[in-house]
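Working notes for the structure below.
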Amino acid sequence: MKNIVILTGAGISAESGIATFRGPGGLWEGHRVEDVCTPGALARDPALVHRFYDLRRAALETVAPNAAHAALARLDREWAGGLLIVTQNVDDLHERAGARRMLHMHGALRSALCAACGERREWRDALPPGSACAGCGARALRPDIVFFGEIPYQMERIEAALAEADLFVSIGTSGAVYPAAGFVRMAQAYGAATLELNLERSEGSAWFDATRLGAAGVLVPAWVDEVLG
Ligand code: APR
């Protein structure tokens, strides 16, 4: 085994205190996903959408990476083969744990996107609607979040990694949102072995060669120990 691709979702950050989307009591602090997470919602009520992400960006100050993030960062440091950690999460806990070979396919809370010129820039404070882009000057900055109906980032790089993968591992994701939910079948079609680590069986669970059920903070460090042997 040489090349590993890992997909992570909200479940890997749950033990850090960030609510998941679809679990019991799942997120959105009273908001329906469709009310805050679509281009239509942003056009209709920018103040609501910006405030929603401002609160979540600010909440990052109060959370820290957990044992699962730390284990993947260790894998990144010590695994001599190919590795790509693809996260659907918009928190920054993978990178704060020290992971480097990773990407955010659904955007990032600590980033602003210019709707006019497309520039993405690190952003740590509140982002009021009408904030100006430092690149082109347009008052068109929005949260750098991939909304429903938008195309995730770096799909070509992800597909190239899946094509080369010997092992695909899905961690803490419900398998409800495409295209990420389809990665297991893509990896399999290219010949990779597939493993799911999740609290409960995901929607695509049947596609995986093997499933381990439990908390990411326990399962991921144990799996990384096995891989690094
Ligand atoms: N350890 C492991 N898995 C866990 C834990 C835990 N401690 N806690 C919860 N889970 C599992 C849940 O059982 C569930 O299957 O994590 C999964 C979280 O699923 P979702 O809340 O649907 O999150 P995710 O799959 O990341 O959502 C995908 O939907 O709206 C969006 O764009 C958003 O990126 C997000 C996408």
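These values consider heavy atoms only, across backbone and side chains, with no hydrogens, waters or symmetry-generated copies. All residue numbers in this chain count up from 1 along the given sequence. Each ligand, and each atom within it, is numbered from 1 in the order the structure gives.
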Hey, which atoms in ligand 1 end up nearer than 4.0 Å to a heavy atom of [X]?
{"X": "A14", "value": "8 (N)"}
{"X": "G172", "value": "3 (N), 16 (O), 17 (C), 18 (C)"}
{"X": "E15", "value": "1 (N), 6 (C), 7 (N)"}
{"X": "V177", "value": "28 (C), 29 (O), 36 (C)"}
{"X": "G9", "value": "26 (O)"}

Does [X], backbone or side chain, put an N or O under 3.5 Å from an N or O of ligand 1?
{"X": "F21", "answer": "yes"}
{"X": "A215", "answer": "no"}
{"X": "N89", "answer": "no"}
{"X": "A10", "answer": "yes"}
{"X": "F148", "answer": "no"}

Check the side chains of [Y] and [X] for a donor-acceptor pair under 3.5 angstrom, ignoring hydrogens and angles.
{"X": "E15", "Y": "H69", "answer": "no"}
{"X": "E196", "Y": "S205", "answer": "yes"}
{"X": "D144", "Y": "Y153", "answer": "yes"}
{"X": "T87", "Y": "T8", "answer": "yes"}

Next on the checklist: Out of S174, S16, S13, who is nearest to atom 20 (P) of ligand 1 when you count heavy atoms only?
Outcome noted: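 It is S174 that holds the nearest heavy atom.
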Checklist line | Among L219, N198, L199, closest by any non-hydrogen atom to atom 8 (N) of ligand 1 | finding: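 Result: the heavy atom closest to atom 8 (N) of ligand 1 is in L199.
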So, taking the atom named CG in D92 and the one named CD in E122, what distance separates them when rounded to the nearest 0.5 Å?
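If I round to the nearest 0.5 Å, the distance is 9.0 Å.
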Notebook entry, point to check: Considering only heavy atoms from C-beta outward, does the side chain of V5 approach that of V169 to under 4.5 Å?
Noted result: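 Not touching, per the 4.5 Å side-chain cut-off.
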Task: Test item, G214 contacting ligand 1 (heavy atom, 4.0 angstrom) - done: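 Flag set, G214 near ligand 1.
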Test of understanding: given a 4.0 Å heavy-atom threshold, classify the contact between Q88 and ligand 1 as side chain, backbone, both, or neither.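 Answer for Q88: both.
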What orientation do F168 and F208 show, parallel under 30°, tilted 30 to 60°, or perpendicular over 60°?
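Rings of F168 and F208: parallel, under 30°.
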Test salt bridge (charged side-chain N to carboxylate O under 4.0 Å, His left out) on R100 and D76 and set out the steps.
-> CA-CA 7 Å; R100 293 290 171 265; D76 185 12; over 6 Å; no
Establish whether I145 and L103 are linked, either directly or via other cluster members, by ILVMFWY side-chain heavy-atom contacts under 4.5 Å.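 Different clusters: I145 never reaches L103 through Ile, Leu, Val, Met, Phe, Trp or Tyr contacts under 4.5 Å.
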